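If you read the sequence from its start, that first residue is 1, and numbering goes on from there. No experiment lies behind these values; they were computed from the predicted model shown.
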Amino acid sequence: ARVLKHGGRLYISEPLAEGPYFELMQPAHDETVARAKAQEALRNAPEYGLLLEKTLSHIDTVKFKEFEAFHDRITAINPNTRDRFVEREDEIRRSFETLGTRDEDGWAFEQPTRVHLFRRS
């Protein structure tokens, strides 16, 4: 809010703590608390001079060529994530194949996302 000019708009797209991609990540990289805090911060935006103009929900699709590409993406986050992934890799691999949809390009996972459009007062 501080850097927007009066009447300026702010577009925020935030994944929700639900859906197949979230469930797939959760054993190694659980963002439940972070996602809840993000939504709380967005609800509190009017305290900082941001007026909510519109909220939309949609499904993003996250794609991976293969399980190893998902592994590499998630374990690059931090060493703790890597350790948790290794500990639960068999479970995560089963979830990958259960929660994903396979096509000729690899695997696709749905991620519910909420968009907030604010305007600075």
### T75 versus R82, closest heavy-atom pair with distance
O-NH2, 3.2 Å
### Query
Parallel, tilted or perpendicular for F96 and F67, by the 30°/60° rule?
perpendicular
### Task
Working to the nearest 0.5 Å, report the span between CZ of F109 and CZ of F70.
7.0 Å
### Query
If two hydrophobic side chains count as joined below 4.5 Å and joins carry through other members, does F22 share a cluster with I12?
no
### Query
Which pair of non-hydrogen atoms, one from L99 and one from L24, has the smallest distance, and what is that distance?
CD1-N, 3.7 Å
### Task
Find out if a path of hydrophobic residues (ILVMFWY) with successive side-chain heavy-atom gaps under 4.5 Å connects I77 to V62.
yes
### Task
Please collect all side chain to side chain donor-acceptor pair (under 3.5 Å) contacts where either partner lies in residues 1-25, sequence neighbours excluded, each pair once.
R9-E53, E14-R35
### Query
Which distance, rounded to the nearest 0.5 Å, do you find between the OG1 of T61 and the CD of Q111?
10.0 Å
### Message
Using a strict threshold of under 4.0 Å (side-chain N to carboxylate O), is an ion pair present between E89 and R93?
### Response
yes
### Summary
Sorted by chain and number, sequence neighbours left out, ring pair (Phe, Tyr, Trp, His ring centres under 6.0 Å) with H71 holds for F85
#### Entry: W107 versus R102, closest heavy-atom pair with distance
CZ2-CD, 3.5 Å
## Note on the structure
dist M25:CE -> S95:OG (nearest 0.5 Å) comes out at 13.0 Å
### Task
For N78 and N80, work out which heavy atoms get closest and say how close.
OD1-N, 2.9 Å
#### Entry: Separation between OG of S121 and OH of Y48, rounded to the nearest 0.5 Å
14.0 Å
### Query
Between R88 and E91, is there a salt bridge with N-O shorter than 4.0 Å?
yes
### Task
Of all the heavy-atom pairs spanning A28 and T81, show the shortest one and how long it is.
O-CG2, 3.6 Å
### Task
Working to the nearest 0.5 Å, report the span between CZ of R114 and CG of L56.
10.5 Å
### Query
So, do L4 and L10 sit near enough that their side-chain heavy atoms are less than 4.5 Å apart?
yes
### Message
I'd like to know if L42 and L52 are part of one continuous hydrophobic network [Ile/Leu/Val/Met/Phe/Trp/Tyr, side-chain heavy atoms within less than 4.5 Å].
### Response
yes
### Message
Using side-chain contact (heavy atoms from CB on, under 4.5 Å), reason through K37 and E31 one step at a time and then give a plain yes or no.
### Response
CA-CA 10 Å; K37 287 186 181 212; E31 294 186 336; over 6 Å; no
### Query
Considering all heavy atoms of both residues, which atom of R119 and which atom of G7 are nearest to each other, and what is their separation?
CG-O, 3.5 Å
### Query
Hey, what do you get for CD1 (I74) to NE2 (H29), rounding to the nearest 0.5 Å?
6.5 Å
